[in-house]
Amino acid sequence: MNVRLDSSLAWKTATRLVATNRDVLIAIAGVFFLLPSLAFSVFVPEPQMAPGTPPGEMMEKIADMWTASMPLLIVVTLLQMAGTVTMLIVMTDRARPMVGQAIRRGFTALGPYVLAQIMVGAALGMGFLVLVSAAALTGQQAIGAVVIIGAFIAMIWCSLRMALVAPVLAIEAERNPVQALKRSWALTKGNSGRLLAFFMLAGLLFAVVYGLAMMLVGVVLVLTTDGGMQQVLTAAVSSTLTAGALVYFVAILAAVYRQLAGDTADEIGDIFS
């Protein structure tokens, strides 16, 4: 019997996890989330667009920026993935491993985590391409639009079903990416809608906090700094807020896993004692 997700309980559990492990999480977030994000913001600034720039030219500049920054983006993504697993281990392992031990275990799980994400991305991308191509062959724009919308919804649904891959790798010490995907699929059965609503509400909360904070910081920086210093400070504040949001997101994944795993999680250990 599948467990129904209680988002209120999951949020309370997530906030308690962050509060209990605050000092360690700050250190890990600084290394794996804050510094990589700050480096990316500083070394890959957004392209400057002159007023009246045609949309086509704007898209071309943005594409060039992302292409040029791809090596750094890959490094940042891998560090964030390793940091995610490391945080999950720190928050859920009742043996209370040292930070160095948790980091080593996080990097051990990085390979399977990357492979799992590649498999999901490849499957979703291929499925989307096949559906859109089939719709295009009909020559009917209405059918094409319906298929694209349907494929987009299906991609979101599949992504939700795979949302617990990282907790499975970290908490259950699973190292087979296929088995991790199957486990996440089984755990999230019947809870896709609740997961979507929970993640959207959490995302909205973080977006509001981020927007208000950056608005306030922007006003202060405009009045007190200029030029390169303003850009660096803005990037630092933005990266700090983003790192904080990622910490809470990881805690949410741990809390959701704990609920949906039920007795299995208890057998692994009382991860919230």
Side-chain angles (χ1 to χ4, degrees), residues 1-21 25 80-97 102 105-106 108-110 112-117 119-121 123-124 153-206 245-273:
M1 179 178 179
N2 290 93
V3 179
R4 292 169 62 92
L5 176 67
D6 183 341
S7 58
S8 178
L9 176 60
W11 175 252
K12 291 177 181 178
T13 302
T15 55
R16 181 155 53 90
L17 277 174
V18 174
T20 302
N21 301 278
L25 294 179
Q80 290 182 343
M81 294 174 72
T84 295
V85 180
T86 300
M87 282 189 176
L88 286 166
I89 293 171
V90 168
M91 287 189 288
T92 61
D93 193 336
R94 65 177 179 177
R96 301 300 181 192
R105 289 168 58 184
T108 300
L110 180 59
Y113 193 10
V114 172
L115 288 175
Q117 296 304 314
M119 285 189 285
V120 171
L124 292 179
I153 293 174
M155 290 176 67
I156 294 177
W157 179 73
C158 289
S159 298
L160 290 168
R161 296 297 301 273
M162 301 302 179
L164 298 184
V165 169
V168 169
L169 292 170
I171 301 170
E172 300 185 11
E174 176 63 65
R175 291 298 176 262
N176 185 323
V178 176
Q179 293 302 319
L181 290 170
K182 289 182 178 179
R183 176 65 170 153
S184 178
W185 189 273
L187 287 173
T188 54
K189 182 179 180 180
N191 284 288
S192 299
R194 297 181 186 86
L195 284 171
L196 178 60
F198 185 27
F199 291 159
M200 287 183 64
L201 286 174
L204 179 61
L205 173 62
F206 292 135
L246 288 173
V247 170
Y248 273 92
F249 177 71
V250 174
I252 285 172
L253 290 180
V256 169
Y257 168 86
R258 178 61 178 84
Q259 272 197 48
L260 301 185
D263 294 338
T264 302
D266 292 333
E267 293 172 3
I268 297 169
D270 186 4
I271 62 177
F272 295 102
S273 59

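Counting from 1, the numbers follow the sequence of the chain as shown. Because the structure is a prediction, the values reported are computed rather than measured.
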Practice task
Show the numbers, then the answer: is there a side chain to side chain contact (heavy atoms under 4.5 Å, CB included) between M200 and L196?
Solution key: CA-CA 6 Å; M200 287 183 64; L196 178 60; 3.8 Å; yes
Under the side chain to side chain contact (heavy atoms under 4.5 Å, CB included) test, which residues partner [X], sequence neighbours left out?
X    : result
L246 : F33, Q80, T242
A116 : V165, P177, L181
V178 : M119, N176, K182
K12  : S8

Do you know which two heavy atoms are closest between [X] and [Y], and how far apart they sit?
X    : Y    : value
L124 : S159 : CD1-OG, 3.9 Å
L169 : A109 : CD1-O, 4.2 Å
L17  : A251 : CD1-O, 4.0 Å
L164 : V256 : CD2-CG1, 4.0 Å
A102 : V90  : CB-CG2, 3.6 Å
A261 : L187 : CA-CD2, 3.7 Å

Note to self: Salt bridge check, E174 against R183: does any charged N sit closer than 4.0 Å to a carboxylate O?
What the structure shows: no
Which value, rounded to the nearest 0.5 Å, describes the distance between [X] atom [atom1] and [Y] atom [atom2]?
X    : Y    : atom1 : atom2 : value
F198 : D6   : CZ    : CG    : 9.0 Å
R16  : M91  : CZ    : CE    : 12.5 Å
L253 : L195 : CG    : CG    : 9.5 Å
T92  : R258 : OG1   : CZ    : 11.0 Å
F199 : F249 : CZ    : CZ    : 5.0 Å

Next on the checklist: I'd like to know whether R96 forms a side chain to side chain contact (heavy atoms under 4.5 Å, CB included) with N21, so could you lay out the CA-CA distance, the side-chain angles of the two residues, the decisive distance to 0.1 Å, and finally the verdict.
Outcome noted: CA-CA 10 Å; R96 301 300 181 192; N21 301 278; 3.5 Å; yes
By side chain to side chain donor-acceptor pair (under 3.5 Å), W157 pairs with (sequence neighbours left out) S192
_Parallel, tilted or perpendicular: rings of Y248 and W11 (30°, 60°)_ = parallel
Please check: side-chain N/O of S184 versus main-chain N/O of R161, any donor-acceptor pairing under 3.5 Å?
yes
inquiry  = Taking R194's backbone N and O only, do any of them form a donor-acceptor pair with N191's side chain (distance below 3.5 Å, no angle check)?
reply    = no
Q. Quick one: are R4 and Q259 in side-chain contact, heavy atoms under 4.5 Å?
A. no
Taking the side chain as everything from C-beta on, heavy atoms only, tell me whether C158 gets closer than 4.5 Å to V120. no
**Asked** Does the side chain to side chain contact (heavy atoms under 4.5 Å, CB included) test come out yes or no for T188 and L160, once each step is laid out?
**Response** CA-CA 8 Å; T188 54; L160 290 168; over 6 Å; no
Salt bridge (Lys or Arg N to Asp or Glu O under 4.0 Å) filter on R105, not counting sequence neighbours, yields D93
